[in-house]
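Throughout, residue positions are numbered sequentially from 1 according to the sequence presented.
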Amino acid sequence: MREIFAGLPWWVKWVAVPVIALVVFGGLIASVVGFVIGLLFKVLVFVALAGGLIYVVRKFTTSSSSRGDW
């Protein structure tokens with residue numbers, strides 16, 4: 001593989017080959033990136049909802065137990 005690329009001009013190695021790779025695998029790369037971003041968004045929503053639920057439960061549990069002391 002190195003011998004093949006050794007005789008080629010720099011613009012083929014650093015411009016043409018990456019552009020061809022993006023054209024061929026562009027859909028795959030976009031779908032993988034989209035999946036990862038979607039997964040991170042779902043994890044963020046889950047953490048926010050779980051944190052909100054824990055906050056609400058602790059707030060009501062604390063207020064109900066303090067009312068019982070009166």
J.: Who are the side chain to side chain contact (heavy atoms under 4.5 Å, CB included) partners of Leu22, not counting sequence neighbours?
T.: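 Scan of Leu22 (side chain to side chain contact (heavy atoms under 4.5 Å, CB included), adjacent residues dropped) gives Ile29.
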
J.: Mind checking whether Leu40 and Val47 sit in one hydrophobic cluster, side chains of I, L, V, M, F, W, Y counted as touching below 4.5 Å?
T.: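 Looking at the clustering, Val47 is in a separate group from Leu40.
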
J.: Please answer: with hydrophobic residues joined when any side-chain heavy atoms are less than 4.5 Å apart, are Leu53 and Phe46 in the same cluster?
T.: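 In one cluster: no.
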
J.: Measure the CG-CG distance between Leu44 and Leu39 for me, rounded to the nearest 0.5 Å.
T.: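 Nearest 0.5 Å value for the CG-CG distance: 11.5 Å.
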
J.: Is there a path of hydrophobic side-chain contacts, each under 4.5 Å between heavy atoms of I, L, V, M, F, W or Y residues, that connects Leu28 with Val19?
T.: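 No, because Leu28 and Val19 fall into different hydrophobic clusters, even though each may have its own neighbours under 4.5 Å.
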
J.: Mind checking what makes side chain to side chain contact (heavy atoms under 4.5 Å, CB included) contact with Val56, not counting sequence neighbours?
T.: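 For Val56, the residues satisfying side chain to side chain contact (heavy atoms under 4.5 Å, CB included) (neighbours in sequence not counted) are Phe60.
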
J.: Using the rule that Ile, Leu, Val, Met, Phe, Trp and Tyr join whenever any side-chain heavy atoms are under 4.5 Å apart, tell me whether Val57 and Leu49 fall into a single cluster.
T.: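 Looking at the clustering, Leu49 is in a separate group from Val57.
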
J.: Quick check: is Ile4 connected to Val12 through a chain of hydrophobic side chains (ILVMFWY, heavy atoms under 4.5 Å apart)?
T.: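 No, separate clusters.
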
